[in-house]
Amino acid sequence: MSHRSIHWFRKGLRLHDNPALLAAFENSSNVWPIFILDPWFIKNAQVGVNRWRFLLQSLQDLDEKLKKLNSRLFVIRGNPNEVLLQLFKEWKVTRLTFEVDTEPYAKQRDIEVEELAKKHNVEVVKCVSHTLYDVQKTIETNGGKPPLTYQRLQTLLAKMGPPPKPVKTLDSSAVMGNKTTVSEDHNKKYGVPTLADLGKSPEACGPLLFPGGETEGFNRLERMLKKTNWICTFEKPKTEPNSLIPSTTVLSPYLKFGCLSVRTFYYRLQEVYLQNKKHTQPPVSLHGQLLWREFFYTAGAGTPNFDKMEGNPICIQIPWEKNDKHLEAWANGRTGYPFIDAVMTQLRREGWIHHLARHAVACFLTRGDLWISWEEGQKVFEEHLLDADWSINAGNWMWLSASSFFYQYFRVYNPISFGKKTDKNGDYIRKYLPILSKFPEKYIYEPRTAPRDIQAKAGCIIGKDYPPPILDHDKMRPINIKRMAEAYGKRFDSGQDNKNGGSLKKKQSASEDGDEAPKKKVKKFRNKKMTDFLM
DNA sequence: GGACGGGTTGGAGGT
DNA sequence: AACCTCCAACCCGTC
């Protein structure tokens with residue numbers, strides 16, 4: 001039986017550990033690896049120019065690799081349904097293969113495509129390879145609902161056994177039977193477009209720090225794997241948000257597009273762990289980070305309206321306020337808080353910021369300072385992050401805004417002191433906000449407090465060359481904590497109220513903990529880590 | 001993967 | 001030797 005197969009790349013832009021791609025080449029006389037530039041994404045998804053570049057580079061890399069296997073990538077623009085219908089007829093296709101995608105738009109799209117395929121007698125082969133596990137299976141194992149705590153996920157996964165091993169990389173032996181010829185005008189008809197072809201300006205891109213593609217992803221992975229001691233002692237909370245060289249792997253953009261298989265990543269780490277007796281554990285270890293990804297993917301796949309507050313059953317409803325001026329100041333790095341502004345500048349320019357930097361700016365936008373909805377922040381991250389990943393982005397925004405998963409809303413990041421802990425001299429601020437670079441260390445985190453003559457000497461007058469703070473963090477913090485307490489339906493305590501018997505919250509926790517001695521209970525609470533506070 | 005203030009402790013160094 | 005001050009480092013409760 002000889003198939004004529006299309007492999008449809010969407011995510012999973014790689015030849016390694018790509019079971020659906022392998023399936024396309026099985027018993028096939030002809031295979032067409034395609035990528036569809038779906039106008040939906042151009043219209044509805046916020047994709048900044050840096051991520052466009054990353055995607056196009058990834059496609060370019062794919063095409064290069066396929067060339068070496070006497071194949072090519074066929075890039076086609078248009079609505080997937082229309083494109084595929086056309087191709088089914090034109091190429092007399094009998095089989096369509098693709099990787100399972102769990103995002104809402106993709107799920108709906110794939111249902112429609114499957115119907116179309118069925119109607120045209122095209123066999124569909126779908127494989128799970130973007131996540132460690134089949135998230136639907138994880139949800140089923142949990143009784144039909146996604147696990148909403150990390151602990152719960154770990155318990156489930158332990159029950160389910162280790163994730164599937166990566167499959168073999170597509171190689172010349174696998175493609176041997178492929179007779180698909182490449183026309184002379186392939187580049188013109190099916191070539192990978194340039195940014196300019198898409199109406200994007202290459203000049204708008206930032207410096208090319210993280211080139212897209214499987215090759216780059218693999219090189220990056222290999223460089224990391226050499227640092228075995230670093231891997232075995234890795235603890236995410238101890239990595240620095242404002243080091244000038246990333247303190248984490250920056251493999252997330254490659255995972256997002258599937259240039260790097262998460263299972264390959266997982267098992268390569270496993271090898272390093274096995275060679276060393278001691279290594280850190282989830283949630284802080286590198287394996288732990290992949291489980292966080294799995295956690296949010298699973299939650300995102302099993303929760304309606306996961307990227308919204310309204311209609312989202314796991315999201316606490318908080319009366320955020322609209323303030324376009326503040327939102328714009330935040331998004332463009334003009335809040336007057338240098339650390340916040342430096343992070344947002346790095347985000348817009350380079351497309352990647354450290355996890356804890358994301359924490360700080362997300363807290364600032366939402367429950368910490370500006371009291372603006374996390375959905376607004378989500379959009380800005382969606383546009384600018386190279387690793388913008390639907391489930392992970394939404395999940396972390398809910399986390400940081402204490403809307404779901406994490407509920408310690410009184411843990412507010414201080415936009416002045418947080419960055420100082422790991423960068424006293426403010427080198428990070430000096431790099432991303434050069435206008436502030438000449439301020440002495442004493443004033444770099446709050447230049448407005450510098451005397452006028454020092455501002456003049458630094459060549460930066462606050463109010464003229466750099467904005468004063470758009471609001472006063474010390475004033476807003478208690479106000480916002482009170483608002484959060486109200487949204488949580490809990491009484492806010494002033495000092496006096498405390499003397500009169502304490503808060504509702506305290507009473508609740510006391511009754512929950514029952515017979516435990518108060519002192520011991522407190523200590524237990526203190527020793528817990530942030531991740532232990534999950535419901 | 002908070003910040004902060006108030007309290008305690010314990011070592012260095014001075015009287 | 002005994003006893004002080006100072007201060008950093010930690011503990012702990014609070015928001």
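Chain identifiers are assigned alphabetically (A, B, ...) following the order of the sequence lines, protein sequences preceding nucleic acid strands; residue numbering begins at 1 within each chain.
You'll find that the side chain of A:His355 is closest to B:dG1, out of B:dA3, B:dG2, B:dG1. The side chain of A:Gln289 has B:dG1 as its nearest neighbour among B:dG1, C:dC15, B:dC4.
Atom NE2 of A:His359 and atom P of B:dG1 are 11 Å apart (whole Å). Straight-line distance from the CG atom of A:Asn242 to the C1' atom of B:dG1: 14 Å, rounded to whole Å. For A:Phe410 and B:dG1, the CZ to C1' distance is 15 Å, given to the nearest whole Å. B:dG1 atom P lies 13 Å from atom CH2 of A:Trp399, rounded to whole Å. In this structure, A:Met484 places its CE atom 17 Å from P of B:dA3, rounding to the nearest Å. In this entry the distance linking CZ of A:Arg411 with P of B:dG1 reads 8 Å, nearest Å. With rounding to whole Å, A:Asp474 atom CG is found 17 Å from C:dC15 atom P. We find that CG of A:Leu286 is positioned 18 Å from P of B:dG1, with the value rounded to whole Å.
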For this session: Please step through salt bridge (Lys or Arg N to Asp or Glu O under 4.0 Å) for the pair A:Glu103 and A:Arg10, ending with a clear verdict.
Result: CA-CA 12 Å; A:Glu103 293 177 19; A:Arg10 303 97 63 85; over 6 Å; no
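Looking at A:Asn142 and A:Arg152, their side chains do bring a donor and an acceptor atom within 3.5 Å of each other. No side-chain donor-acceptor contact under 3.5 Å links A:His473 and A:Tyr337. No side-chain donor from either of A:Glu294 and A:Tyr150 sits under 3.5 Å from a side-chain acceptor of the other.
For the helix from B:dG2-C:dC15 to B:dT15-C:dA2, the rotation axes defined at the first and last 5 base pairs enclose an angle of 10°, given to the nearest 10°.
Among the heavy atoms of the strands lying under 4.0 Å from A:Lys421 are primed sugar atoms or P, OP1, OP2 only; no base atom is included.
Taking each heavy atom of A:His287 and A:Gln270 in turn, the nearest pair found is CE1-OE1, 3.5 Å.
Using modelled atom types, no side-chain atom of A:Tyr254 and backbone atom of A:Leu221 make a donor-acceptor pair closer than 3.5 Å.
Residue A:Trp399 forms a ring-ring contact (aromatic ring centres under 6.0 Å, His included) with just one option from A:Trp292, A:Tyr407, A:Trp374, and that option is A:Trp292.
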